[in-house]
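Every heavy atom of this structure was used, including side-chain atoms; hydrogens, water molecules and symmetry mates were not.
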Amino acid sequence: MKAKISPHFGALIAFLAAAYPASILMFGGGYKPVPVLLLVLALPFLFCIKSELVTREIKQILLAFSAYFLVVVASLLIYGGNISEADIPSRTILTLPILFLLLRFPPRKEWLLAGIGIGAFTAGMVAVYHIEVLHMSRAYTGSVVKGYMPIQSGNTAMTLGLLSLFAMFYYWGKKQYFLSLMFLAAALSGMAGSILSGSRGGWLFAPIILFYIIYQFRHLLSKRLFALISVSLLLIGSAVLPEVENRINQAYADVELYTQKDNSGSSLGARFEMWKSAWLSLSEKPVFGQGFPGRDLAEKRYVAEGKVSKVVTHYGRAHNQYLEEASTKGLIGIAALILLFAIPLAIFLRYSRLYQKHDSQWIFAQCGVIHVILVASYCLTQNFLNHNSGLMFYTVFTAIFLAGCLYKNPVVATTASNQNTSSLL
């Protein structure tokens, strides 16, 4: 006899899905508790996965998430190295039970959007507290408050802020103006948190995503809404302008020091040297890279030969996820990383076209597009996925959005699963 599941269990899972973005920056290590709870609750359901849940799209996600982890395992088997290198990549596998749980008990649109708004607003308030009360030079400094990292947390805050801006337009279109204004405040707070963290990498694609959001809701644009957004951006911009100006000036100074005086001691100068080292590693062994220990030995050799500055030995990573994968796992590693981004993105893009604007599945799909593109951009200047906070944020949030946009009524499910699924690979 099958055990009966309480009707409240689905509400619990939906609540936890919404609690994840709400709590992720509320305190140090806030990215851990909710995924752990979801994983514990998901384990019993692994023994009774419904076959109809394993669609073509889910099989592609299984491929993408598994490949990323298995390439790391293969590298360790071939080249050796510390087994702990496989610890963080294993999060892609551990997220899969959560994905199947959410497919069976999907997130609720209003709850999840509320959680995103709360998370974005909290991110900004925490950043202000860090700067104004704790007098940190950069918000989310982990050496002062454990469990935070300026770059990781700042990038997360930017994602929450831009997703809140998307929600602002969504509720404006539904003529729920009070909620829209609340989400606008949350969006500005989240983006301010990113700026106060001083994490410039999080700002690279923000204008592109901002344009993307405006384009999706271009039919809503009016003089009143345009004025509201413009004034809000001007106000928040004037508040954080000194920090932005300081970080941009510092970037220009770093580039000038590196190009004219060959000074690699600055933040950007060190990155340039790390990227050069990673590129040299890839050029020597392009197919499967140097492996983790081989990359470290090659880096020391490059320093001894004068090809790169010794500053690279002060860092354990390349500060670029793509070059990091290239140096340790070659073109195969890069391919696995691209699959990790490309397959979910292709699914989100297709479902964003499949559904009408303002449908729940359309909202989840569009949020997924924004999330994947932003995380992929963070990886250009940071080893975002080599940190527990980054990989869990990417995989768990991706699973939540996937479950939301793939959940449909039987009629729509049959139609959707048969349309162009082969185009995703």
Side-chain angles (χ1 to χ4, degrees), residues 9-10 12-24 30-46 49-50 52-69 88-109 111-113 115-116 119 156 159-160 163 336-337 339-352 360-361 363-376 384-385 388-408 424:
F9 187 78
L12 171 63
I13 301 303
F15 171 78
L16 289 175
Y20 181 61
S23 61
I24 194 167
Y31 59 88
K32 298 177 183 178
V34 171
V36 171
L37 282 172
L38 285 171
L39 179 60
V40 170
L41 293 171
L43 291 178
F45 292 93
L46 286 179
I49 295 176
K50 296 180 178 180
E52 58 265 29
L53 293 179
V54 190
T55 62
R56 179 79 60 90
E57 293 96 338
I58 294 303
K59 290 177 181 177
Q60 292 164 348
I61 293 297
L62 292 175
L63 169 65
F65 279 36
S66 300
Y68 185 76
F69 172 68
I88 291 177
S90 70
R91 303 306 187 265
T92 58
I93 302 298
L94 294 176
T95 302
L96 296 177
I98 297 175
L99 173 60
F100 281 109
L101 178 70
L102 291 168
L103 287 169
R104 188 165 179 174
F105 306 99
R108 301 183 184 181
K109 177 187 62 181
W111 293 14
L112 182 61
L113 291 179
I116 289 170
T156 300
T159 294
L160 294 174
L163 288 174
L337 177 62
L339 279 179
L340 189 65
F341 292 135
I343 287 181
L345 181 60
I347 294 172
F348 288 134
L349 285 171
R350 189 168 70 83
Y351 276 79
S352 68
S360 293
Q361 288 84 0
I363 298 297
F364 285 119
Q366 290 290 354
C367 287
V369 170
I370 294 168
H371 168 61
V372 173
I373 291 176
L374 283 173
V375 173
F384 192 77
L385 303 184
N388 201 16
S389 59
L391 192 55
M392 288 181 67
F393 175 65
Y394 175 70
T395 56
V396 174
F397 229 10
T398 299
I400 291 172
F401 292 137
L402 280 169
C405 78
L406 294 177
Y407 183 78
K408 335 167 202 40
L424 293 179

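I58 is listed as a side-chain neighbour of L99, based on a closest heavy-atom distance under 4.5 Å. Contact of the S66 side chain with the T92 side chain is not registered, since no non-hydrogen atoms from C-beta on lie closer than 4.5 Å. Looking at F364 and L112, their side chains come closer than 4.5 Å, going by heavy atoms from C-beta outward.
Within the structure, the side chain to side chain donor-acceptor pair (under 3.5 Å) test picks out the following pairs touching residues 363-372 (sequence neighbours left out): Y212-Q366, Q216-Q366, H371-T398.
F348 pairs by the ring-ring contact (aromatic ring centres under 6.0 Å, His included) definition with nothing, not counting sequence neighbours. Among residues two or more places apart in sequence or in another chain, the salt bridge (Lys or Arg N to Asp or Glu O under 4.0 Å) test is passed with R91 by D87. Under the rule for a ring-ring contact (aromatic ring centres under 6.0 Å, His included), the partners of F384 that lie at least two apart in sequence or sit in another chain are Y378. The ring-ring contact (aromatic ring centres under 6.0 Å, His included) test applied to F69 returns no partner, not counting sequence neighbours. Annotation: side-chain hydrogen bond (donor to acceptor under 3.5 Å, both in side chains) contacts of Y68 (sequence neighbours excluded): E325.
For I98 against P35, the heavy-atom pair with the smallest separation is CD1-O, 3.6 Å. Residues W111 and A18 approach most closely at O-CB, 3.2 Å, considering heavy atoms. The two residues G404 and Q361 come nearest to each other via the heavy atoms O-CG, 3.8 Å. Nearest heavy atom pair, residue A42 against residue P97, reads CB-O, 3.3 Å. F401 and C367 make their closest contact through CE2-CB, 3.5 Å (heavy atoms, listed as atom of the first residue, atom of the second, distance). In terms of heavy atoms, Y351 sits closest to E57 at OH-OE2, 2.6 Å.
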- Applying side chain to side chain contact (heavy atoms under 4.5 Å, CB included), run through L163 and F397 and close with a yes or a no. CA-CA 12 Å; L163 288 174; F397 229 10; 3.8 Å; yes

- Verdict with reasoning, I370 to T159, per side chain to side chain contact (heavy atoms under 4.5 Å, CB included): CA-CA 8 Å; I370 294 168; T159 294; 5.6 Å; no

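Between atom CD1 of residue I61 and atom CD1 of residue I347 there is a gap of 4.0 Å, rounded to the nearest 0.5 Å. Taking CG from L374 and OG1 from T156, the interatomic distance works out to 10.5 Å, rounded to the nearest 0.5 Å. A distance of 8.5 Å separates CG of L12 from CG of L37, quoted to the nearest 0.5 Å. Going from atom CG of L385 over to atom CZ of F393 covers 11.0 Å, rounded to the nearest 0.5 Å. Atom CG of L102 and atom CG of L16 lie 9.5 Å apart (nearest 0.5 Å). Here the CG atom belonging to N388 is positioned 6.5 Å from the NZ atom belonging to K32, to the nearest 0.5 angstrom.
A ring-centre distance under 6.0 Å is found for F341 and Y394. Between F45 and F100, the distance separating the two ring centers is not shorter than 6.0 angstrom.
Between the side chain of Y20 and the backbone N or O of I400 there is no donor-acceptor pair closer than 3.5 Å.
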